[in-house]
Each structure stands twice: as C-alpha cells, then as structure tokens.
Amino acid sequence: MDKIIFYEDRNFMGRSYECMSDCSDMSSYLSRCHSCRVESGCFMVYDRTNYMGNQWFMKRGEYPDYMSMMGWRDCIKSWRMIPMYRGSYRMRIYERENFGGQMYEMMDDCDNFMDRYRMNNCMSCNVMDGHWLMYEQPHYRGRMMYLRPGEYRSFMNMGYSGMRWMSMRRIMDSCY
C-alpha cells in the first residue's frame, strides 16, 4: 500500500498526517506542510488545491525541506497517488493544440524533443499506455507535469500557457 506522511514544519516536526490515497485539498488535515516522507509508492504533489499549479514527483524517501529543494514559495495543497504500472508505454505527442501539426509516437524516454524529432514545441498529446512525466526543459529539468492515460488537447487550457515542453520520461518500476 502506498503511503505518504506530511508534517506541518520542516525536518518532520509539528503535527503530521498519514495518507494512502489522493487528496484534492490538504486544508482539511493540516493548515500547512513543510516536509514529508514517502514510505512507499510514488506521488505527484501540487502547490494548489484540486491537483493544479506547480507539480513535483516524489518517490520513496525523505523530504525534510522540500520547498527550498523544489524552489516553491507555497506549501503542498493537494496530491495524487501514482499507481504502479507494469505494461507497455505508448504516447503520441503533437506540435499543436487539438492533436494538430506534426505527430510522433513515443514508447520510451526522450531527453530532448528538438534533437530527436526537430520539434520545438509540444502542445497536446494522447497517452495510450503508461504514466509519464513531461518536463519544460531538455534532460528532464524544470517544471514538470504528470500525464496518465487520456487525451490532453491543450496544455495552454490546462494552465500552462507560455510553457514549452522539451523532454519526457516514463514512470517505471524503478521509481518505486
């Protein structure tokens, strides 16, 4: 069973809350969160309620001061458990919104869209299989976005206007 523990203060101090499922609004449990410990599984945490805002991938480990590590100014407000997946991975990326422009099908990690596909932007995608992380910079750096199976017609309409997605990787067993 996946498990994450949140603490009000840095270095695992103050009140805590243990969780084994998704949560769209942490304020019901803690007024603030400045550190956490992932005991098992992987989670995506968000700096706004309802799985919105900046995202950060957390795997098994301790995060005594995650805000300075991630460069966030605000606390975790919601989180989503990432289910373990052991199948094949498949995604189609598109250079324009609504699945327009050039399309490439991906089945493995890509550390730089521009180098591999000569594609300078990715604005929509269709995740057929697997769970993925997309990054704003090459080589899996910068802000990230969690993608689970489904259609993502417009990253701009999801609150990512002005961002360019430049690399992506699969969330695999080794993350757990």
Side-chain angles (χ1 to χ4, degrees), residues 1-91 93 109 122 124-136 140 142-161 163 165 167-176:
M1 195 70 147
D2 296 346
K3 183 176 175 184
I4 189 168
I5 305 169
F6 298 97
Y7 298 86
E8 283 185 325
D9 300 316
R10 288 172 179 79
N11 298 313
F12 317 110
M13 303 296 288
R15 292 182 342 150
S16 66
Y17 174 68
E18 289 186 21
C19 185
M20 293 181 266
S21 62
D22 296 353
C23 177
S24 62
D25 187 358
M26 176 183 268
S27 65
S28 308
Y29 308 103
L30 294 175
S31 59
R32 66 186 184 277
C33 172
H34 290 284
S35 58
C36 66
R37 180 178 287 126
V38 177
E39 293 197 350
S40 58
C42 295
F43 293 81
M44 208 68 201
V45 297
Y46 303 82
D47 69 351
R48 291 180 36 209
T49 60
N50 298 313
Y51 319 113
M52 301 294 287
N54 292 309
Q55 305 179 31
W56 192 265
F57 176 74
M58 291 187 163
K59 60 184 182 179
R60 186 179 170 101
E62 295 188 342
Y63 303 87
D65 185 8
Y66 72 84
M67 288 175 67
S68 60
M69 179 183 84
M70 297 181 219
W72 283 10
R73 283 177 254 141
D74 210 349
C75 300
I76 293 172
K77 298 285 175 50
S78 59
W79 61 88
R80 189 182 302 272
M81 187 178 72
I82 299 174
M84 186 175 287
Y85 178 78
R86 294 184 191 259
S88 60
Y89 288 77
R90 198 165 60 115
M91 169 193 283
I93 60 172
D109 299 348
C122 174
S124 59
C125 73
N126 183 5
V127 177
M128 281 84 77
D129 298 303
H131 297 259
W132 301 74
L133 290 175
M134 191 177 285
Y135 297 82
E136 74 174 327
Y140 319 116
R143 289 187 290 179
M144 60 183 78
M145 175 172 51
Y146 167 55
L147 300 168
R148 55 190 181 175
E151 293 184 346
Y152 299 85
R153 293 186 167 277
S154 173
F155 296 142
M156 286 182 17
N157 289 344
M158 293 169 58
Y160 296 104
S161 61
M163 281 189 64
W165 300 103
S167 59
M168 67 172 39
R169 70 169 32 142
R170 300 162 293 167
I171 302 174
M172 304 191 56
D173 289 356
S174 58
C175 296
Y176 294 86

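Residues: numbered from 1 along the sequence shown.
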Q: Within this structure, what is the CZ-NZ distance for the pair R37 and K3, rounded to the nearest 0.5 Å?
A: 10.0 Å

Q: Look up atom CE in M172 and atom CE in M84, then write down how far apart they are to the nearest 0.5 Å.
A: 11.5 Å

Q: Please give me the minimum heavy-atom distance between C36 and I76, naming the atom from each residue.
A: SG-CD1, 4.5 Å

Q: As an exercise, state the distance from CG of L133 to CH2 of W56, rounded to the nearest 0.5 Å.
A: 10.5 Å

Q: For S154 versus S124, what's the shortest heavy-atom pair and its separation?
A: N-CB, 4.4 Å

Q: Within the 4.5 Å heavy-atom criterion, are K77 and N50 side-chain neighbours or not?
A: no

Q: Closest heavy-atom contact between R10 and D65?
A: NE-OD1, 3.1 Å

Q: Between W79 and M58, is any pair of side-chain heavy atoms under 4.5 Å apart?
A: no

Q: Decide if the gap between the ring center of Y17 and the ring center of F6 is smaller than 6.0 angstrom.
A: no

Q: Looking only at non-hydrogen atoms, find the nearest pair between I5 and E18 and report the distance.
A: CG1-CG, 3.6 Å

Q: Can you find a pair of side-chain heavy atoms, one from M44 and one from Y51, that are under 4.5 Å apart?
A: no

Q: Ignoring hydrogens and geometry, is there a side-chain-to-backbone donor-acceptor pair from S16 to Y7 under 3.5 Å?
A: no

Q: Less than 4.5 Å apart, any side-chain heavy atom of M145 and any of M163?
A: no

Q: Name the one of Y135, W132, Y160 that satisfies ring-ring contact (aromatic ring centres under 6.0 Å, His included) with W165?
A: Y160

Q: How about R148: does its CZ atom have over 12 heavy atoms from other parts shown lying under 6.0 Å from it?
A: no

Q: Closest heavy-atom contact between Y46 and Y146?
A: OH-CD2, 4.0 Å

Q: Checking R15 against Y29: is there a side-chain donor and acceptor pair closer than 3.5 Å?
A: no

Q: Got a second to check how far M20's CE is from M81's CE, nearest 0.5 Å?
A: 10.5 Å

Q: Testing I171, N126, V127 one by one against L147 for a side-chain contact (heavy atoms from CB on, under 4.5 Å), which residue passes?
A: V127

Q: Identify the heavy atoms of F57 and M144 that sit nearest to each other, and give their distance.
A: N-SD, 3.4 Å

Q: So D129 and Y85, do their side chains get closer than 4.5 Å, heavy atoms only?
A: yes

Q: If I take atom CD from residue E39 and atom CD from residue E62, how far apart are they, to the nearest 0.5 angstrom?
A: 9.0 Å

Q: What pairs of residues pass the salt bridge (charged side-chain N to carboxylate O under 4.0 Å, His left out) test when at least one of them lies in residues 78-89, not counting sequence neighbours?
A: R86-D173

Q: Check for a donor-acceptor pair, side chain of T49 on one end and backbone N or O of S24 on the other, with a separation under 3.5 Å.
A: no

Q: Is the closest side-chain heavy-atom distance between K59 and V38 below 4.5 Å?
A: no

Q: Any chance you could measure M134, atom CE, to C125, atom SG, to the nearest 0.5 Å?
A: 4.5 Å

Q: For the residue pair S40 and M1, establish whether any side-chain heavy-atom pair is separated by less than 4.5 Å.
A: no

Q: Taking the side chain from E136 and the backbone from G142, do they hold a donor-acceptor pair closer than 3.5 Å?
A: no

Q: Return yes if some donor-acceptor pair links the side-chain N/O of N11 with the main-chain N/O of M13 below 3.5 Å, else return no.
A: no

